[in-house]
2 protein chains.
Amino acid sequence: MNDVARLAGVSIKTVSRVVNDEPGVHPSTAERVLAAIDQLGFRRNLSARNLRRGSSTGTIGLVLEDVGNPFYSGVTRAVEEIARLRGRQVISGSSDEDPGRERELALEFCSRRVDGLLIVPAGLQHSYLVPEMRAGTPVVFLDRPAGDVVADTVLVDNIGGTVEAVTHLAAHGHRRIAFLGDAPDIFTANERLRGYREGCVRAGIGYHEELVAMGPHDQATVVTALQRLQSMREPATAIVAGNNRITVHILRSLAGVAERPALVGFDDFELADLLSPPVTVIAHDASALGKAATDLLFARLDGDNSPPRRVVLPVRLVPRGSGEVHA
Amino acid sequence: MNDVARLAGVSIKTVSRVVNDEPGVHPSTAERVLAAIDQLGFRRNLSARNLRRGSSTGTIGLVLEDVGNPFYSGVTRAVEEIARLRGRQVISGSSDEDPGRERELALEFCSRRVDGLLIVPAGLQHSYLVPEMRAGTPVVFLDRPAGDVVADTVLVDNIGGTVEAVTHLAAHGHRRIAFLGDAPDIFTANERLRGYREGCVRAGIGYHEELVAMGPHDQATVVTALQRLQSMREPATAIVAGNNRITVHILRSLAGVAERPALVGFDDFELADLLSPPVTVIAHDASALGKAATDLLFARLDGDNSPPRRVVLPVRLVPRGSGEVHA
DNA sequence: GGCCACTATGACAACGTTGTCCCCGAGCGG
DNA sequence: CCGCTCGGGGACAACGTTGTCATAGTGGCC
């Protein structure tokens, strides 16, 4: 800006005025300044501007588990969309389910003075955010609740969803329904397990621990679990899968198998309808989740300081065939 | 920092020294400062720091077409990974194939003084980046080349891939091979069309314009195109799909159809192997693309100022069944 | 002609840091 | 006792902006 001012033969304040479309600059002066800007390829330094103005940095921090996972990339897309409408940029990072990494990312974003934080919690301790929140940075947790702070949270109806999955399978005659879930220290995994259990009880088929295999799961552990479930005295005839990745592992394990157990997966995924049989899922909308959380964040930025809210988004069972097969 | 200094009864410079682990602070003083930092929940303002030091902002800008697309979210993940190893944060945005939006995002990132830019070009004009590049911001284009500037570029072998697809289909006896591609003003779509044409010529089956349907495509236009291709005097017996979305549209259109044309899709996608028949694809690695581009960017940041490079990543045909069927 | 209103512009401080330079006092050798 | 060194710490400027205030010139009106 200094260089521009020198080249145009004006003070830097005048350049600032031109750059900010402030009134009170003579057209001919403005033209000279614009020419200088063009010639030098000047671009205003936003950091300096925000520093001086003490105003928003125009950024939102997004900490999620893995952008590579279609579910989270859907969330990211929705967040970006809303942020864009509100003139913000999104800085994001993947925690890979590591609480330390989550914390590192969140605090890094705070150091960058993001206007707000959206966090898919990896851990259960979030008191490290208390100073930031007290300092006025709104934080919204999504997909999972915070561990030890009270804050806005947007969840999906994990329990309702798995209850519905089990109910659906039981209605089609299944009595031996298994559950393959993620590591039980992950909130959603645990909730879904609870829903599974409640569904079993409600359906009158009882809860049998032997039918449960919690993760973390990869292709190999899923194969092992399926073998175990099928070699029992009373084999499982149906499976509820705890998330999209586990569903895919199961599908891959069952490829080419003639007698397939019925299957209902938590999380919808692309092409589920084109498999044979098409996969019945508990669907919930990644972009709805992202949108709800971002809307909530912006409400806070707009001055809403009502008590923290907990929003639970509905899920719905999409019957496609795999949950209706008989073993 | 001012507050911390006051509370600890020292000057702000001493606080700065403590925060930066600089030597020359008495342990007992440091302790007092740390206590004050803790009590106030102080967090150093990175913008101010970077402004003062005139150093890197520790950020990388990433402009892509749509984070929601699994291909690009794979790219994003890879970029994030490398950036993390080099201590950078990623700011990203989706252009939705709109050149204006691409430009807006890129320039916004420049205003934020990103250390470097990774761009999946939406348009063909990138001279707007010349001042930035001249000012020292390295820019790497990925997936598609820049329109009118010379810059580092990482591409995949679009032509080789479609040549191989056509060759593969022809080797299985197909003579009427169609091509459904994206809008021809998109570089990759055009290149793939060229590869298709060359493949046809090489296979000795000739290039017939009637067998080509360029986009933009959605489910409806794909259905129409397929109807046209199949109601010809000599119907198409095989199809090459120009990208993952078109492949999915085709699969959805063909669902339940008994006599399916053979199909080879450009871009691999999850579950392609589990469909029936499994989908033969031209595979290339999103994360390899992201990694190559980011590595190149960091090489520039490390001072490499050799002439701009163009890297072309190989693709490979993954035969799975759908490209081998006979009509 | 004197005064006022108004336009166009500039000087300067400040945002939150950090780099440079300087100062004070203690310890030590001569 | 003097001078020197060295450890600890502070004052101040500067990064690139913008907000506040001041100022010079210009034209109009009584």
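Every chain is numbered from 1, with letters handed out A, B, ... down the list of sequences. Please read these numbers as outputs of a predicted model, since none were measured by experiment.
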Looking at the side chain of Lys13(B), which of dT17(D), dT20(C), dT20(D) is the nearest nucleotide? dT20(C)
Distance in angstrom units between Asn45(A) CG and dT18(D) C1', rounded: 13 Å
Categorize Ser16(A) for me: base, sugar-phosphate, or nothing, with a 4.0 angstrom heavy-atom threshold over every strand shown. base
Please confirm whether the shortest side-chain N or O distance from Arg44(A) to OP1 or OP2 of dT17(D) is below 4.0 Å. no
Kindly say if Thr14(B) contacts the phosphate of dG10(D), meaning a side-chain N or O under 4.0 Å from OP1 or OP2. yes
Reckon Val19(A) touches a base, only the sugar-phosphate, or nothing at all at heavy-atom distances under 4.0 Å? nothing
Base, sugar-phosphate or nothing for Leu46(A)? Non-hydrogen atoms, less than 4.0 Å. nothing
State, to 0.1 Å, how close Met1(B) and Phe42(B) come at their nearest heavy-atom pair, and which atoms those are. N-CE1, 3.4 Å
Nearest whole Å is fine: how far is dG16(D) C1' from Arg112(B) CZ? 15 Å
Quick one: Met1(A) CE to dT18(D) C1', roughly how many Å, whole number? 7 Å
Report the distance from atom CG of Asn50(B) to atom P of dG19(C), rounded to the nearest whole Å. 12 Å
Length of the line joining Ile12(B):CD1 and dA14(C):P, which is rounded to integer Å: 13 Å
Whole-Å distance separating the CZ atom of Arg6(A) from the C1' atom of dG10(C): 16 Å
Donor on one side chain, acceptor on other, Asp304(B) and Ser306(B), under 3.5 Å: yes
Considering just the side-chain nitrogens and oxygens of Arg49(A), establish if one lies under 4.0 Å of OP1 or OP2 belonging to dT18(D). yes
N or O in side chain of Arg17(B) less than 4.0 angstrom from dG19(C) OP1/OP2: no
What's the closest nucleotide to the side chain of Phe42(A) if the choices are dG9(D), dT18(C), dT17(D)? dT17(D)
Could you check how far CG of Asp3(A) sits from P of dC15(D), rounded to whole Å? 11 Å
Using whole Å, what does the distance between atom C1' of nucleotide dG16(C) and atom CG of Leu40(B) come to? 15 Å
Can you tell me if Asn20(A) touches the phosphate of dT18(D), counting only side-chain N or O atoms and a distance under 4.0 Å to OP1 or OP2? yes
If you measure from CE on Met133(A) to SG on Cys110(A), what distance do you get to the nearest 0.5 Å? 10.5 Å
Can Asn20(A) and Arg44(A) be counted as having a side-chain donor-acceptor contact under 3.5 angstrom? yes
Between Asp295(B) and Arg300(B) (salt bridge meaning N to carboxylate O under 4.0 Å), is one present in this structure? no
Taking for each residue the nucleotide of DNA chain D with the nearest heavy atom, is it Ser11(B) or Asn2(A) whose nucleotide lies nearer the 5' end? Ser11(B)
Hey, is the side chain of Arg52(B) poking within less than 4.0 Å of OP1 or OP2 on dG19(C), counting only N and O atoms? no
State whether the side chain of Asn158(B) and the backbone N or O of Val156(B) hold a donor-acceptor pair below 3.5 Å, judged by distance alone. yes
Walking DNA chain C from its 5' end, the first of Ala48(A) and Val10(A) to be reached, judged by nearest nucleotide, is Val10(A)
Contacts to DNA chain C from residues 21-34 of chain A, heavy-atom cutoff under 4.0 Å, which residues? Gly24(A), Val25(A), His26(A), Thr29(A)
May I ask you to check whether Asp115(B) and Ser56(B) show a side-chain donor-acceptor distance below 3.5 Å? yes
If you measure from CZ on Phe141(B) to CG on Asp152(B), what distance do you get to the nearest 0.5 Å? 9.5 Å
